[in-house]
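The structure appears right after this line, and notes come after that.
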Number of protein chains: 2
Amino acid sequence: MNSEDRVISEECNGVLTPIGDALYVIGGKWKLRVIASLKDGSMRFNEIQRTVGGISARVLSSELKELELNGFVKRIVHAKTAPVVVEYELTPYSDSLTEVLHALASWGTMHRDKLRKER
Amino acid sequence: MNSEDRVISEECNGVLTPIGDALYVIGGKWKLRVIASLKDGSMRFNEIQRTVGGISARVLSSELKELELNGFVKRIVHAKTAPVVVEYELTPYSDSLTEVLHALASWGTMHRDKLRKER
DNA sequence: CGGTATCCGTTTGGATACTG
DNA sequence: CAGTATCCAAACGGATACCG
């Protein structure tokens, strides 16, 4: 990349890189939905699966690992119980996503209304 | 789904469905980036490809078709030119995504800063 | 330039069974 | 319950060639 290309891609549209960064971490079909579902409080594995709906255990498991790795979710094992109870809860850092979640949810609502009226 | 389940999934967390709706339409790796890149004004195919970066012609072509179908983008053919010139521009409806794009971009910026400081 | 067609490896993700 | 293992189908997506 030469200096003129940099001018084009960074000066003219500095929003592309941040959006790319964001999608890299919270993009995909499930991550935001898992986070949103935990907004109401901590939940157990099968509970999340039921709440999110349509996600398989295998996929949910890997999503939760990534979310933990990126600091959005904390995995809590209540030891000394049999069978073991595991809970997932949001970290304070996940609060930083409030605006994103709100914007997305309200856009989704608006869009669905629009489609309904068009039909 | 019985009525009690409905209470759980709709009343306790009515945000999941809208988020699902939104991701269905503007989710994926590229759609928001293509829209963001067109914010600065209409562009031609290869221009978009260069600006977005990392997207192949085949994929960009199919993304643009979906975006057109969903009313975010308008395809404009300047006829009577040889070779034909095609431009893509955002529709007024794509303005409804301003908040989403802004929230995502500013979160991305914040997150990148956070990672940089942690290293 | 603005794409489309084809090929093909990679990734995603569902279903099912299984384990501690 | 909280996952993991395996298998397998479908989707994604890059590379390349090609067309008007």
Side-chain angles (χ1 to χ4, degrees), chain A residues 1 5 8 16 19-20 23-35 37-38 40-70 72-90, chain B residues 5 8 16 19-20 23-35 37-38 41-70 72-90:
Chain A
M1 196 192 253
D5 288 339
I8 290 166
L16 272 175
I19 288 182
L23 292 179
Y24 184 77
V25 182
I26 54 172
K29 203 171 173 182
W30 300 113
K31 289 196 181 59
L32 287 177
R33 273 189 265 203
V34 171
I35 291 174
S37 77
L38 286 169
D40 290 339
S42 69
M43 280 198 216
R44 298 167 66 170
F45 189 89
N46 288 338
E47 221 175 335
I48 300 173
Q49 194 179 3
R50 275 193 306 276
T51 305
V52 170
I55 189 171
S56 69
R58 194 175 64 84
V59 172
L60 177 56
S61 172
S62 89
E63 296 288 296
L64 285 170
K65 275 177 189 162
E66 279 187 68
L67 289 174
E68 207 187 341
L69 217 67
N70 287 310
F72 298 116
V73 159
K74 185 162 183 214
R75 183 176 184 269
I76 299 162
V77 182
H78 296 274
K80 316 197 177 198
T81 57
V84 148
V85 170
V86 181
E87 283 198 320
Y88 293 90
E89 67 174 30
L90 294 182
Chain B
D5 288 340
I8 289 168
L16 272 175
I19 288 181
L23 292 180
Y24 184 78
V25 182
I26 56 173
K29 204 170 171 181
W30 300 113
K31 289 196 181 58
L32 286 177
R33 273 189 266 205
V34 171
I35 291 174
S37 77
L38 286 169
S42 68
M43 279 198 217
R44 299 169 65 172
F45 189 89
N46 288 338
E47 221 175 333
I48 300 173
Q49 194 179 3
R50 276 193 306 276
T51 306
V52 171
I55 189 171
S56 69
R58 195 176 63 85
V59 173
L60 177 57
S61 172
S62 89
E63 296 289 295
L64 285 171
K65 274 176 190 161
E66 279 188 67
L67 290 174
E68 207 187 339
L69 218 67
N70 286 309
F72 298 117
V73 159
K74 183 158 184 221
R75 184 174 185 270
I76 299 162
V77 181
H78 297 274
K80 313 193 181 205
T81 57
V84 149
V85 170
V86 181
E87 283 198 320
Y88 293 89
E89 66 174 30
L90 294 182

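Residue numbers start from 1 in every chain, and the chains themselves are labelled A, B, ... in the order their sequence lines are given, proteins ahead of strands. What you are looking at is a predicted structure, and each value in this text was computed from that prediction instead of being measured.
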* Interface limits on DNA chain D, where chain A has a heavy atom under 4.0 Å of a nucleotide atom -> dC1(D) to dT6(D)
* Asked: Any donor and acceptor pair, going by atom type alone, linking the side chain of Gln49(A) with main-chain N or O of Ile55(A) inside 3.5 Å?
  -> yes
* Axis bend over the full length of the helix from dC1(C)-dG20(D) to dG20(C)-dC1(D), computed from five pairs that close each end, to 10 degrees -> 40°
* **Qualifying residue, where the test is side-chain contact (heavy atoms from CB on, under 4.5 Å) with Phe72(B) and the options are Leu38(B), Leu64(B), Val34(B), Ile35(B)** => Ile35(B)
* Those residues that, when tested against Lys74(A), pass salt bridge (charged side-chain N to carboxylate O under 4.0 Å, His left out) (two or more places apart) -> none
* Asked: Passes side-chain contact (heavy atoms from CB on, under 4.5 Å), Lys65(B) versus Leu69(B)? Steps please.
  -> CA-CA 6 Å; Lys65(B) 274 176 190 161; Leu69(B) 218 67; over 6 Å; no
* Residue met sooner reading DNA chain C from 5', once Pro83(B) and Lys29(A) are mapped to nucleotides -> Pro83(B)
* Just how far is it from atom CH2 of Trp30(A) to atom CG of Leu67(A), taken to the nearest 0.5 Å? -> 13.0 Å
* Asked: Could you give the distance from CG (Leu90(B)) to CE (Met43(B)), rounded to the nearest 0.5 Å?
  -> 9.0 Å
* **Contact boundaries on DNA chain C for chain A, cut-off under 4.0 Å to non-hydrogen atoms** => dG13(C) to dA15(C)
* Side-chain heavy-atom pair Ile76(B), His78(B) within 4.5 angstrom cut-off -> yes
* Heavy atoms, side chains only, cut-off 4.5 Å: are Phe45(B) and Val86(B) in contact? -> no
* Which heavy atom of Lys31(A) sits nearest a heavy atom of Ile26(A), and at what distance? -> CB-O, 4.1 Å
* Contact summary for Val77(A) and Arg75(A), nearest pair of heavy atoms -> CG2-NH1, 3.4 Å
* Asked: What are the residues of residues 54-63 of chain B, sorted by number, that bring a heavy atom to within less than 4.0 Å of DNA chain D?
  -> Gly54(B), Ser56(B), Arg58(B), Val59(B)
* To do: Under the side-chain contact (heavy atoms from CB on, under 4.5 Å) rule, what do Ile48(A) and Leu60(A) come out as? Steps first, then yes or no, please.
  => CA-CA 8 Å; Ile48(A) 300 173; Leu60(A) 177 56; 3.9 Å; yes
* Tell me, please, which residues at least two apart from Leu23(A) pass side chain to side chain contact (heavy atoms under 4.5 Å, CB included). => Ile19(A), Arg33(B), Leu104(B)
